[in-house]
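These notes are about the structure you will find just below.
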Amino acid sequence: MEYYKKAGKKIPVLAIVDNGCGMTHSDIERMLSFGHKRPSKENKDLIGRFGVGFKTGSMRLGKDVVVFTQSSETRSIAFLSQSFNEDKDDVEIPIITYRKEGGYMDFDLTVHTEQEADAYLKAIKEYSPFNEYVIGNKFARFKEDGTGTHIYVYNLDIWGSDYSLQWDDQTGESKNSRKQRDIWIRSRRVRSRPGQMSQEVPLDYSLHAYLEVIFLDPRMKIYVQGSMVKIRPLAKSLNKTRVVKDVLLGKTVELTLGRSQEERERGNCGVFLYWHGRLIEAYKRVGGMIHSADMGRGVIGVIDVTEIMHTFFVYDADKWG
């Protein structure tokens with residue numbers, strides 16, 4: 001979490017910072033526009049599939065989002081804002097892109113005019129906590145040849161008299177502090193699942209806990225509030241594992257079953273489903289687990305349903321024409 005001032009008020013901003021390859025103008029336009037599905041023939045490892053996740057996810061956290069991104073040849077700043085579009089009949093999403101020309105960056109006049117770019121920048125400075133100095137500072141973080149994407153969500157959702165999110169503040173801590181900091185859903189609400197009696201399910205409300213198991217095969221480092229997340233392949237962290245193979249919808253699938261002492265103590269169990277390497281369902285109770293809270297207590301399953309889901313979607317499309 002970062003803090004900015006606007007009109008004398010201290011504004012908390014949820015910041016997501018990534019040092020990947022960044023996005024071109026067409027990439028960020030597709031990310032922010034509604035219903036732009038990614039063709040299935042593209043790289044399956046890329047995040048983003050149906051063109052709805054970023055919009056629906058960010059808008060549940062806050063009313064407004066500013067995105068800074070820099071690729072090897074361009075840099076862009078984009079603005080997805082409910083505040084900016086509040087009295088408009090059509091949603092307007094300002095995107096300003098600069099292209100590298102020699103040793104400096106200038107407006108990319110192939111995607112917008114200079115007048116349009118100036119108007120978009122004016123809107124961002126008016127409706128966001130980012131003035132011209134802060135915008136320049138954000139781009140400077142990428143350095144000249146760096147790439148990546150920085151996302152800032154603000155006007156955060158309110159729950160009661162406070163924000164829906166709660167977070168550990170780093171103020172007053174030393175840089176070498178090993179405290180595991182986190183961001184939570186303030187209500188600590190646990191999802192309702194058939195047969196589940198446990199109210200201790202951190203994955204439902206803790207960003208740190210969710211990120212620990214978000215990837216089937218982790219290949220990156222993630223930090224929350226400066227605290228490194230111990231990402232782990234869930235299947236390899238289980239004890240007394242057994243792999244069960246079967247054929248579903250004509251596809252061979254593998255289900256890894258194992259025991260977790262931590263989940264046993266919490267009273268949890270169920271199957272974790274992954275699609276394209278990312279978690280889409282956790283603690284899915286099956287069989288006797290649905291009818292008894294103690295059935296299979298501590299038993300966790302892990303399955304990759306990518307091929308099954310693809311076959312199901314193809315079958316469903318053929319069935320309904």
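Counting from 1, the numbers follow the sequence of the chain as shown. Everything numeric here is computed off the predicted structure, so don't read it as measured data. For the numbers below, each heavy atom of this structure counts, side chains included, while hydrogens, waters and symmetry mates do not.
- Between atom CG of residue Leu248 and atom CD1 of residue Ile308 there is a gap of 5.0 Å, rounded to the nearest 0.5 Å.
- Using a 4.0 Å cut-off between charged nitrogen and carboxylate oxygen, Glu73 and Lys100 do not count as a salt-bridge pair.
- For Arg189, the CZ atom counts as loosely surrounded, since its 6.0 Å shell holds 12 or fewer non-hydrogen atoms of other residues, nucleotides or ligands.
- To the nearest 0.5 Å, the span separating OH on Tyr127 from CZ on Phe79 amounts to 8.5 Å.
- No more than 12 heavy atoms of other residues, nucleotides or ligands shown are found within 6.0 angstrom of CZ on Arg264.
- By the 6.0 Å contact criterion, NZ on Lys221 is open, its count of non-hydrogen atoms from other residues, nucleotides or ligands being 12 or less.
- Judged purely by atom type and a 3.5 angstrom limit, Asp168 uses its side chain to pair as donor or acceptor with the backbone of Asp182.
- Evaluation of the salt bridge (charged side-chain N to carboxylate O under 4.0 Å, His left out) rule for Glu281 yields Arg191 as partners, not counting sequence neighbours.
- With sequence neighbours excluded, no residue satisfies salt bridge (charged side-chain N to carboxylate O under 4.0 Å, His left out) with Lys236.
- When the side chain to side chain donor-acceptor pair (under 3.5 Å) test is applied to Asn85, no partner is found at least two apart in sequence or on another chain.
- Here the side chain of Arg99 pairs no donor or acceptor atom with the backbone of Thr74 at under 3.5 angstrom.
- Both Met220 and Tyr210 are part of a single hydrophobic cluster, where members link through side-chain heavy atoms under 4.5 Å apart.
- When every heavy atom of Tyr223 is checked against every heavy atom of Gly226, the shortest pair comes out as CD2-O, 3.9 Å.
- Applying the 6.0 Å contact sphere to CZ of Arg188 captures more than 12 heavy atoms from other residues, nucleotides or ligands.
- When ring centroids are compared, Phe130 and Tyr4 come within the 6.0 Å threshold.
- Here the closest heavy-atom approach between residue Tyr154 and residue Val65 is recorded as CE2-N, 4.3 Å.
- When the side chain to side chain donor-acceptor pair (under 3.5 Å) test is applied to Ser128, no partner is found at least two apart in sequence or on another chain.
- Under the salt bridge (charged side-chain N to carboxylate O under 4.0 Å, His left out) criterion, Glu212 pairs with Arg232, sequence neighbours left out.
- Proximity of a side-chain donor or acceptor of Gln225 to a complementary backbone N or O of Met1 within less than 3.5 Å is detected.
- Considering Ile95, Thr149, Val153 in turn, Thr149 is the only one that fulfils the side-chain contact (heavy atoms from CB on, under 4.5 Å) rule with Val67.
- Aromatic ring orientation, Trp167 versus Tyr3: tilted (interplanar angle from 30° to 60°).
- With contacts defined as side-chain heavy-atom distances shorter than 4.5 Å, the pair Leu121/Phe107 qualifies.
- Counted within 6.0 Å of NZ on Lys230, heavy atoms from surrounding residues, nucleotides or ligands total 12 or fewer; the atom is thus considered open.
- Residues Ala117 and Ile96 approach most closely at O-CG1, 3.8 Å, considering heavy atoms.
- Smallest separation of non-hydrogen atoms from Val190 and Gln196: CG1-NE2, 3.4 Å.
- Taking each heavy atom of Thr306 and Trp275 in turn, the nearest pair found is CA-CD1, 3.4 Å.
- Members clustered with Trp159: none, using a 4.5 Å side-chain heavy-atom cutoff among hydrophobic residues.
- Shown here is Met228, whose CE atom has more than 12 heavy atoms of other residues, nucleotides or ligands within 6.0 Å.
- Gly22 approaches Thr147 most closely through the heavy-atom pair N-CB, 4.3 Å.
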